[in-house]
Amino acid sequence: SQTIHQWPATLVQPVGSPLSLECTVEGTSNPNLYWYRQAAGRGLQLLFYSVGIGQISSEVPQNLSASRPQDRQFILSSKKLLLSDSGFYLCAWSVLLGPNNEQFFGPGTRLTVL
Amino acid sequence: GENVEQHPSTLSVQEGDSAVIKCTYSDSASNYFPWYKQELGKRPQLIIDIRSNVGEKKDQRIAVTLNKTAKHFSLHITETQPEDSAVYFCAAPRSSNDYKLSFGAGTTVTVRA
């Protein structure tokens with residue numbers, strides 16, 4: 001069966017510090033991968049998505065970047081965190097087929113920028 | 001692209017009563033409509049989905065109905081229990097050829113004991 005991991009689970013970082021969040025998927029090949037951010041009490045904002053190694057698409061201009069160095073690894077990064085980067089970051093995957101496919105979410109990373 | 005609107009934003013129901021959440025979408029070609037449940041501090045998890053070739057789907061106490069003519073779909077929870085308290089999100093594909101989803105803003109459901 002497929003599983004998705006994220007780490008760390010929680011993170012407290014000072015403003016201006018770098019960030020690296022990691023997501024890995026097991027049990028599937030060539031998944032679509034997604035990074036979402038969820039601000040407190042809010043909905044899901046798609047940040048990045050990827051259809052293959054090295055292929056990253058950004059949804060909104062922001063202080064973050066993403067990379068996919070391996071088929072089942074997706075990394076979210078920042079060189080200098082802002083207060084507004086605080087939130088719950090969710091990685092998700094779906095099967096690389098058509099549009100009618102479930103997205104499965106990882107356990108999330110709760111980031112607090114102070 | 002797809003625009004998904006979800007109502008209400010909050011819903012409080014007495015235990016045992018029913019809860020209904022409605023979502024509207026804009027792209028008439030959309031044909032996949034999932035519902036996710038997110039408990040406090042946890043990840044969203046798919047609880048039910050419906051594809052456009054059916055009008056209703058049930059799974060125990062939850063059901064989803066789809067009205068393609070009116071472009072809306074609804075989540076129905078019957079005989080609500082305290083563990084149904086959570087945030088519920090609807091979603092639809094961004095476009096007919098897009099694997100990305102547009103999510104509704106979410107409905108916070110509170111079941112009063």
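If you're wondering where the values come from, they're calculated on a predicted model, not measured in any experiment. Below, chain A is the first sequence line, B the second, and so on; all start at residue 1.
Under the 4.5 Å side-chain heavy-atom criterion for ILVMFWY residues, no single connected hydrophobic cluster contains both B/Tyr88 and A/Phe88.
For B/Gln38, the part lying under 4.5 angstrom from a heavy atom of chain A is the side chain only. Neither the backbone nor the side chain of A/Gln6 comes within contact range of chain B, judged by heavy atoms closer than 4.5 Å. For B/Phe33, no part lies under 4.5 angstrom from a heavy atom of chain A. Of the two parts of A/Glu59, only the side chain, counted from C-beta on, holds a non-hydrogen atom closer than 4.5 Å to a non-hydrogen atom of chain B.
Closest non-hydrogen pair, A/Leu21 versus A/Pro8, comes out as CD2-CD, 3.9 Å.
A/Arg37 has a carboxylate O that lies under 4.0 Å from a charged side-chain N of A/Asp85, or vice versa, which qualifies the two as a salt bridge. The pair B/Asp27-B/Arg94 fails the salt-bridge criterion, with no side-chain N (NZ, NE, NH1 or NH2) lying under 4.0 Å from an Asp/Glu carboxylate O. One finds a salt bridge joining B/Lys37 and B/Glu39 here, because a Lys/Arg side-chain nitrogen approaches an Asp/Glu carboxylate oxygen to under 4.0 Å.
With chain A as the partner, the residue from B/Gly106, B/Pro44, B/Ala91, B/Gly104 showing the most heavy-atom pairs under 4.5 Å is B/Pro44.
The main-chain N or O of B/Asp49 is found under 3.5 Å from a side-chain atom of B/Lys57 such that the two form a donor-acceptor pair.
Below 4.5 Å, heavy atoms of chain B meet heavy atoms from A/Phe105, A/Gly106, A/Pro107, A/Arg110, all part of residues 104-114 of chain A.
Listed by chain and residue number, A/Ser17 satisfy the side-chain hydrogen bond (donor to acceptor under 3.5 Å, both in side chains) test with A/Gln13 (two or more places apart in sequence, or in another chain).
Ring pair B/Phe73/B/Tyr25 is tilted by interplanar angle, where 30° to 60° counts as tilted.
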